[in-house]
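Numbers restart at 1 for each chain; the letters A, B, ... are given by sequence-line order, proteins then strands. Quick caveat: nothing in here was measured; it's all calculated off a predicted structure.
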Amino acid sequence: MPELPEVESVRRQMLPHVCGRSITAVDRDPYPSKRIYALADAVGLRIDTVLRRGKYLLLPLTGASGAVEKELVIHLGMTGVLGFTPDAPHVRVRFALDDGAQLTFRDPRRFGRVCVVTPGMYATIPTLQRLGPEPLESTFSVAGFAVALQHSRTPVKAALLNQRVVAGVGNIYADEALWAAKIHPASRRIGVKRAGVLHAELIRILTAAVAREGTTFRNYELLNGASGKFASALNVYGKTGGSCPRCATPFRRAVIAQRGTTYCPKCQRH
DNA sequence: CACGCCTCCTGTGCGC
DNA sequence: TGCGCACAGGAGGCGT
């Protein structure tokens with residue numbers, strides 16, 4: 001389940017392999033997926049850089065004139081993996097590059113997205129179009145975060161997951177940040193003070209996870225097949241049957257926003 | 001508009 | 001041993 005730290009790690013790792021490379025051909029498996037489209041528009045264009053917004057990888061594509069003509073958008077979904085292994089199982093898309101390498105997108109579950117759009121035009125990608133602030137940039141203000149949470153009447157965990165209050169947070173880091181901030185995931189009332197704590201914990205945890213190249217729990221791997229190293233730092237996620245490191249209370253499990261949620265019923269308060 | 005539920009997908013792991 | 005089924009969850013879409 002690649003979230004911001006995992007996608008950022010993939011971005012950094014792929015940069016030196018794709019920057020300056022032109023896409024000479026694209027092919028995809030014949031499965032009629034609505035999440036993969038317009039790939040032919042990338043052929044003949046050059047990848048200048050790899051950007052990230054939330055969980056989306058954004059690759060501006062430059063034409064012969066030097067202008068950015070298209071944008072390649074990649075979302076790893078749950079099981080998407082980028083690499084240079086054209087013969088691996090579950091390859092959905094292959095980009096042939098002008099140095100002979102083949103950038104491949106593997107995705108057993110087919111939840112990932114790969115598409116080419118007009119630069120900055122995200123009408124076909126609603127979540128990207130309405131994406132909230134980057135949590136590790138100054139646009140993620142405490143005040144704005146507090147206001148957004150006060151306007152939300154959903155459980156705070158649902159607000160963290162919806163990508164509009166803040167970008168890039170998924171099930172792992174939502175559970176971890178709520179545990180660190182001692183906030184009950186089902187709470188619908190988050191005051192300014194607790195919003196400030198949650199804001200700080202999100203930044204702290206995401207920063208630490210980026211530094212360790214993300215969390216490999218199930219599907220995520222880096223371009224070279226390596227694992228992220230943040231899994232050992234997890235306190236709640238995946239700890240069903242375990243107990244709270246702070247107070248030793250057995251963790252409880254619930255479903256919130258259709259997601260498995262682990263929390264401490266004693267020290268995480270409504 | 002906001003919210004919540006259903007759906008898409010398939011590999012994995014469990015119980016019987 | 002082998003089978004069947006629940007489960008994992010990011011995001012799109014739709015109904016209320």
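Atom-to-atom, NZ of A:Lys157 to C1' of C:dA11 comes out at 15 Å; the value is rounded to the nearest Å. As a whole-Å value, the separation of A:His75 NE2 from C:dG10 P is 9 Å. If you measure from atom CG of A:Leu160 to atom P of C:dA11, you get 13 Å, rounded to the nearest angstrom. Here the P atom of nucleotide C:dG10 and the CG atom of A:Leu4 are 13 Å apart, to the nearest Å. Between the CZ atom of A:Arg164 and the C1' atom of B:dG4 there is a distance of 13 Å, given to the nearest Å. Spacing between atom CG of A:Leu149 and atom C1' of B:dA2 amounts to 15 Å, rounded to whole angstrom units. A:Ile125 places its CD1 atom 11 Å from the P atom of C:dG13, with the value rounded to the nearest Å. One can place CG of A:Leu128 at 10 Å from P of C:dA11, the figure rounded to the nearest angstrom.
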Summary of protein contacts for nucleotides 7-16 of chain B, nucleotide by nucleotide, where a base hit scores B, a sugar-phosphate-only hit scores S (4.0 Å, heavy atoms): -BBBS-----

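For the OP1/OP2 pair of C:dA11 and a distance below 4.0 Å, the side-chain nitrogens and oxygens of A:Gln163 include at least one atom meeting the criterion.
The residue A:Tyr237 sits close only to the backbone: its heavy atoms come under 4.0 Å of sugar-phosphate atoms, none of a base. Across all strands shown, A:Arg253 has heavy atoms under 4.0 Å from sugar-phosphate atoms exclusively, and none from any base. No engagement by A:Gly112 is indicated, since no non-hydrogen atom pair under 4.0 Å with the nucleic acid exists. Contacts of A:Thr79 with the nucleic acid, taken as non-hydrogen atoms under 4.0 Å apart, are absent.
Using modelled atom types and a 3.5 Å distance limit, the side chains of A:Tyr237 and A:Thr215 yield no donor-acceptor pair. Side-chain contact check for A:Arg106 and A:Thr85: at least one donor-acceptor pair (N or O, by modelled atom type) lies under 3.5 Å.
When all heavy atoms of A:Glu69 and A:Pro119 are compared, the pair lying nearest together is O-CD, 3.3 Å.
A distance-only check finds no donor-acceptor pair linking the side chain of A:Glu213 to the backbone of A:Ser227 [under 3.5 Å]. A donor-acceptor contact shorter than 3.5 Å is absent between the side chain of A:Thr118 and the backbone of A:Met121.
Residues satisfying the side chain to side chain contact (heavy atoms under 4.5 Å, CB included) criterion with A:Ala233, sequence neighbours excluded, are A:Arg212, A:Phe230.
Between the CZ atom in A:Phe145 and the NE2 atom in A:His199 there is a gap of 7.0 Å [rounded to 0.5 Å].
Among the nucleotides B:dG4, B:dA2, C:dG10, the one closest to any side-chain atom of A:Lys55 is C:dG10. Distances from the side chain of A:Met78 to the nucleotides C:dA11, C:dA8, B:dG4 place C:dA8 closest.
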